[in-house]
Student: 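There's a structure below that I have some questions on.
Being a predicted model, the structure only gives us computed values, none of them experimental.
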Amino acid sequence: MAHRIEPDLQFVKELQAVGGDSLKKCYQCATCSVACPISPASNPYPRKEMVWASWGLKDKLLNNPDIWLCHNCGTCSDLCPRGAKPGDLLAALRNMAYQRINPMPFIGKWLSSPKYLINLIAIPAILWAVVWFIRAGQIGSFFPEGEIVYGKLFPGDFTIDPIFMITFFGMVAIFFKGAKNLLATFKPEGEVLVLGKQKSMFRCFIDVLVEEVATHKKFKDCGDDKSDRKTGHLLVFYAFLALMVVTGLIAGFHWGGKVIPMLDVLHTPLNLLNPVKILANLGAIALIVGMAILTNTRRGKDPEKSKSNYYDWYLLNVIWAVALTGVFSELFRLADIPQIAYSVYYVHLVTVWMLFAYLPWSKLGHIVYRTIALTYVRHMGRQ
């Protein structure tokens, strides 16, 4: 039966603009799908995505779970005889998908272009500057004398905690909405025949967390030469988990202590030998080492085979800013240099807010959306 194809030419232009500029070089040799070590046997990627992109089939591409399964190891792009860069195309599609499935797509647009960087920075910069100015007016100094305690200028109870709680739960709500939208777009590949008992989505989700997210084994499956990427991603992943645990413990004991006084035992700044502080410092070290590995890996990419764009470097630079300002905030506090310490801490608050508030639209959003796609394809029996 004949099927009429109506290409969306505007979509093709948009896709080329956000990183898929070499897609027209593809001549369907299928080297990419053959070479990909993690592509499934059923409708393997990325060959079909290259076809659909050339034809401008927007809905088929953006409703396709396979764009999230790619771990962007670059094997397909390395071996492509025409330099069509299939890995870059899938990355560009994910960038477009962030804008489509999340509310407020203009934020995704801002993240994709350097001309909007000032907008992204201005929101938290103004927010924390207002807090700083108000508190400085109350205590009579922009840099309080005596022991450096960041809570003097940025009190946790009525500035940091409320602002970041609203930011965090707002981010979770956006991810929840985006996850629902993403799952609603996925379609089975025709009739699905399940032999035996089909695993529930919840069971598949747990399996993905334990077998794939916790181990990052897909990076190993991408080839031994990709081991640095696996190490870097694992270090960053567990560094964020450690820092999340530290933040949760401090907030939990602090607010819990208001109800049960005996719980109010973690007072910041913590002693360097406090176990929670040790965990925080280990997390910071792991974050910096992991980021150094990932940055070096990205800088070492051959631009003829895989091109890094602004969207990639934006996230790396924000995480670097979070890590370095966090470390220097501690060092300048210990060195007792209030003017620099409070200023660096202000920048730290700005960058941490940027990381979390814009997370659903950033490249780091794959933590959630790739996990959902992996869960879906397991449930459908493809992997």
Student: Under the criterion side-chain contact (heavy atoms from CB on, under 4.5 Å), I'd like the reasoning laid out for Tyr310 against Leu111: C-alpha separation, chi angles, the key distance, then a yes or no.
Tutor: CA-CA 9 Å; Tyr310 169 79; Leu111 287 169; over 6 Å; no
Student: Go through it in stages, so that I can follow the logic: the residues are His366 and Tyr369, the test is ring-ring contact (aromatic ring centres under 6.0 Å, His included), and I'd like the CA-CA distance, side-chain angles, deciding distance and then a yes or no.
Tutor: CA-CA 5 Å; His366 74 263; Tyr369 299 130; 9.7 Å; no
Student: Which other residues end up in the same hydrophobic cluster as Ile278, if Ile, Leu, Val, Met, Phe, Trp and Tyr are linked when side-chain heavy atoms come under 4.5 Å apart?
Tutor: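 Same cluster as Ile278: Leu282.
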Student: Find the distance between CE (Met291) and CG (Leu324) and round it off to the nearest 0.5 Å.
Tutor: 9.0 Å
Student: If you measure only the distance, is there a donor-acceptor pair under 3.5 Å linking the side chains of Trp52 and Asn64?
Tutor: no
Student: Apply the test side-chain contact (heavy atoms from CB on, under 4.5 Å) to residues Thr295 and Trp320: give CA-CA distance (whole Å), side-chain angles for both, the deciding distance (0.1 Å), then the verdict.
Tutor: CA-CA 10 Å; Thr295 303; Trp320 268 120; 2.8 Å; yes
Student: Any salt bridge linking Asp264 with Lys258? Criterion: basic side-chain nitrogen under 4.0 Å from a carboxylate oxygen.
Tutor: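 Between Lys258 and Asp264 there is no salt bridge, as every charged N stays at least 4.0 Å from the carboxylate O atoms.
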Student: Using only atom types and a distance under 3.5 Å, with no angle test, would you say the side chain of Asn317 pairs donor to acceptor with the backbone of Trp313?
Tutor: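 Side chain of Asn317 to backbone of Trp313, a donor-acceptor pair under 3.5 Å: yes, one is there.
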Student: Hey, is the main chain of Val318 close enough, under 3.5 Å, to the side chain of Thr351 for a donor-acceptor pair?
Tutor: no
Student: Rest of the hydrophobic cluster containing Leu249 (Ile/Leu/Val/Met/Phe/Trp/Tyr, side-chain heavy atoms under 4.5 Å)?
Tutor: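 Besides Leu249, the hydrophobic cluster comprises Val245, Val246, Ile250, Phe253, Val259, Ile260, Met262, Leu263, Val265, Leu266, Leu270, Val276, Leu279, listed by chain and residue number.
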Student: Got a donor-acceptor contact below 3.5 angstrom from the Asn309 side chain to the Asp312 backbone?
Tutor: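 Yes, because the side chain of Asn309 sits within donor-acceptor range (under 3.5 Å) of the backbone of Asp312.
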Student: Which is it for Phe328 and Tyr345 under the ring-ring contact (aromatic ring centres under 6.0 Å, His included) test, yes or no, and what are the steps along the way?
Tutor: CA-CA 8 Å; Phe328 282 120; Tyr345 187 69; over 10 Å; no
Student: Would you mind reporting whether Ile293 and His233 have side-chain heavy atoms less than 4.5 Å apart?
Tutor: no
Student: Treating Ile, Leu, Val, Met, Phe, Trp and Tyr as nodes and any side-chain heavy-atom pair under 4.5 angstrom as an edge, say whether Ile372 and Phe202 lie in one connected cluster.
Tutor: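 Linked, Ile372 and Phe202 end up in one cluster.
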Student: So how far is it from Leu62 CG to Ile67 CD1, rounded to the nearest 0.5 Å?
Tutor: 6.0 Å
Student: Does the gap between the ring centers of His379 and Tyr376 come in under 6.0 Å?
Tutor: no
Student: Which is it for Phe164 and Val352 under the side-chain contact (heavy atoms from CB on, under 4.5 Å) test, yes or no, and what are the steps along the way?
Tutor: CA-CA 9 Å; Phe164 275 112; Val352 171; 3.7 Å; yes
Student: Is a side-chain donor-acceptor pair under 3.5 Å present for Asp88 with Ser77?
Tutor: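 Judged by distance alone, the side chains do not pair up.
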Student: Closer than 4.0 angstrom, basic N to acidic O: yes or no for Lys217 and Glu212?
Tutor: no
Student: Quick check: Trp353 with Tyr358 (ring centres under 6.0 Å apart)?
Tutor: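 Yes, close enough.
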Student: Donor-acceptor check, side chain of Trp361 to backbone of Met104, threshold 3.5 angstrom: yes or no?
Tutor: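 Yes, the answer is positive, given that a donor and an acceptor are paired below the 3.5 Å cut-off.
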Student: Measure centre to centre between the rings of Phe142 and Tyr342, then say whether the value is under 6.0 Å.
Tutor: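 Ring-ring flag for Phe142/Tyr342: false, centres at least 6.0 Å apart.
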Student: Out of Asp8, Val12, Asn63, which residue meets the side-chain contact (heavy atoms from CB on, under 4.5 Å) rule with Lys58?
Tutor: Asp8
Student: Can you name the residues that form a ring pair (Phe, Tyr, Trp, His ring centres under 6.0 Å) with Tyr98, not counting sequence neighbours?
Tutor: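 In terms of ring pair (Phe, Tyr, Trp, His ring centres under 6.0 Å), with neighbours along the sequence ignored, Tyr98 is linked to Trp68.
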Student: Salt bridge or not between Arg378 and Glu211? Use side-chain N to carboxylate O under 4.0 Å.
Tutor: yes
Student: Side-chain donor-acceptor pair under 3.5 Å between His254 and Asp157, yes or no?
Tutor: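 Yes, a side-chain donor-acceptor pair sits under 3.5 Å.
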